[in-house]
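Encoded as structure tokens, the structure appears first; notes follow it.
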Amino acid sequence: MESQRRTLVHWFRKGLRVHDNPALERVFSTARASPEKFYVRPIFILDPGILDWMQIGANRWRFLQQTLADLDKQLRQLKSRLYVVRGKPIEVFPQLFKRWQVELLTFESDIETYAQQRDASVQKLARTADVKVDIHCSHTIYNPEVVIAKNLGKAPITYQKFLSIVDQLKIPAVLERPKVLTMNMKPPADELELEDANVYDCPTLEELVKRPEELGVNKFAGETEALRRMADSLGDELWVANFEKPKTAPNSLEPSTTVLSPYLKFGCLSSRVLHKRLREILARQPKHSKPPVSLIGQLMWREFYYTVAAADPNFDRMLGNAYSLQIPWQEKPEHLEAWTHGRTGYPFIDAIMRQLRQEGWIHHLARHAVACFLTRGDLWISWEEGQRVFEQLLLDQDWALNAGNWMWLSASAFFHQYFRVYSPVAFGKKTDPSGDYIRKYVPELAKYPSGCIYEPWKATLSAQREYGCVLGEDYPHRIVNHDVVHKENIKRMSAAYKVNRQVRTGKMEDEEDEQEQISTGKRKARAVGTSAKSKRIKNVA
DNA sequence: GGATCGGTTGTCTAA
DNA sequence: GTTAGACAACCGATC
């Protein structure tokens, strides 16, 4: 009896792939076991409201659009298809549950705060509708909850500690590509009508990209391209074995790294599969680099940030965030604006910010340079502001990684050597002394010679005229003097750390001064209240 | 509980 | 061109 067939729904959110997708496989295998009982409907929910409120730039919308189109193609090869449902999840699901007679809903777990809330609501709706729910962890190699449990309920807050925990965990087996669905999947007539009317079709570029003038270079997206790019990157096994992140250039004209991050972010590429391939290669290469600098080390950084982020719903803000130091950043809209649009007057910084806006990807160390510049290095503007800009522009924007790295670079959490400040002049010169990267992305400086392209203010006015770019007219004067402000900011960081120490230990300033006076040696009174510290961690977990 | 060590990827100068 | 040490001194983990 056709009408009594029930539906198995896999809900795609991240994890936009068919390979190594346990929640999708659950639906496929259930249907294969009882083909007469079930329809399979893989869905993606597109909330038109998101187009307005989400900080997503045109390049990332295009990446999503192309990824969905590719996913639909992959599913059709498996004799299924992608159903793109327009609406809000909490409004869409009750209707779908009823109309499709849904038996089972599967999806991949997601630690992001808004996702957790959304998924809890959907699970409640499913319970009400008597729909079974099956959730799988497959976005990361290790389940953040399991790592936290293994570390006695607390997220490990150093990378080395994190590694020591996951070393004790079993690495889950990856899945083969699902087998083709062979049963007749033709839905009832009224549903067929909807399908014929293209109600569930993938979005077009026009539907998603509201400001096409913002589109830059097309970095092709989707699972097919992800797998091709992975194969390409891993083809040179010696390169893989010797990879050391700090030795790669942030300012090469072609990326010096794999650029797999956007595919990992959307889940077009399974991090578990990449991990497995890397381990296979290293097994064949007796001499190889190791975490934190190796390629596996890069994956482990992703795991680390997912784990710490999973333990704090306020991970993406300073206030109420148990990891983050509370620092009195300043509001300076004109400086923020200059940084955001690559008009700081520091060519290296501006080149990076312009590449970001055009291409949606910049090298990790380039992110370091501009993040340090915005926060503790030069502008003393909150990391949350930088996070917002990255969130909009990065193809690989990822809640946990973005927030975690911003805290790292601003020395708000995880990293504390705030006296190590990136120079907006010297850092880039190491890997690109001639300044070709700057000439590409800041073309107004193209005629500046290598000797002063990193510091155009050192050129005399007549030289500036000769190079066809006069400061203050064709390219901005530098908005701050790095040599001066970075030293002031180190002092500000020192003061901010001191205040945070006092708050943490419950010790007032005068008390500490008193203790300092009492102390006979040179050593400063360093308050290390273990009870207060453990309280801080408890708040996190 | 105090001392020591290590921490993905700093810069600058001097030798 | 490379490397060591100064800079001024942070944190978390460990013993």
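Note that these values count all heavy atoms, side chains included, but never hydrogens, waters or copies made by symmetry. We name chains A, B, ... by the order of the sequence lines, and we start the count at 1 in each one. This structure is a prediction, so every number in the text was calculated from the model and none was measured.
Here the P atom of nucleotide dG6(B) and the CZ atom of Phe414(A) are 23 Å apart, to the nearest Å. At whole-Å resolution of the value, CZ in Phe304(A) and P in dT9(B) are 14 Å apart. Distance Tyr159(A) OH to dG7(B) C1': 12 Å, rounded to the nearest Å. If you take CZ of Phe243(A) and C1' of dT9(B), they are 11 Å apart, rounded to a whole angstrom. Rounded to an integer number of Å, the gap from Gln298(A) CD to dT8(B) C1' is 7 Å.
Look at Arg284(A) and Glu280(A) and you find no salt bridge, because none of the NZ, NE, NH1 or NH2 atoms lies under 4.0 Å from a carboxylate O.
The nucleotide whose nearest atom lies closest to any side-chain atom of Thr158(A) is, among dC10(C), dT11(B), dA13(C), dA13(C). Distance from the side chain of Ser423(A) is smallest to dC12(B) among dG7(B), dC12(B), dT8(B). Of the listed nucleotides (dG10(B), dC11(C), dT8(B)), dT8(B) has the atom at the smallest distance from the side chain of Lys245(A).
The phosphate of dT8(B) has OP1 or OP2 within less than 4.0 Å of a side-chain N or O from Gln160(A). The side chain of Arg501(A) places an N or O atom within less than 4.0 Å of a non-bridging phosphate oxygen (OP1 or OP2) of dC11(C). The phosphate of dT11(B) has OP1 or OP2 within less than 4.0 Å of a side-chain N or O from Lys430(A).
Annotation: dG1(B) and dT14(C) have their C1' atoms spaced 12 Å apart (nearest Å). Atom P of dC5(B) sits at a distance of 22 Å from the matching atom of dA8(C), rounded to the whole Å. dG5(C) and dT8(B) have their P atoms separated by 22 Å, with the value rounded to a whole Å. When the C1' atom is used for both dA9(C) and dG7(B), the distance is 14 Å, rounded to whole Å.
Two rings, from Trp457(A) and Tyr346(A), have their centers less than 6.0 Å apart. Here Tyr142(A) and Phe304(A) keep their ring centres 6.0 angstrom or further from each other.
The aromatic ring of Trp301(A) is stacked on the base of dT8(B), with the two ring centres less than 5.5 Å apart and the planes inclined by under 30°.
The residue Phe415(A) sits apart from the nucleic acid: no heavy atom pair falls under 4.0 Å.
When atom types are taken as modelled, the side chain of Arg376(A) and the backbone of Leu409(A) share a donor-acceptor pair closer than 3.5 angstrom.
Contact record, Arg17(A) with Ser138(A): NH2-O, 3.1 Å, taken as the closest heavy-atom pair.
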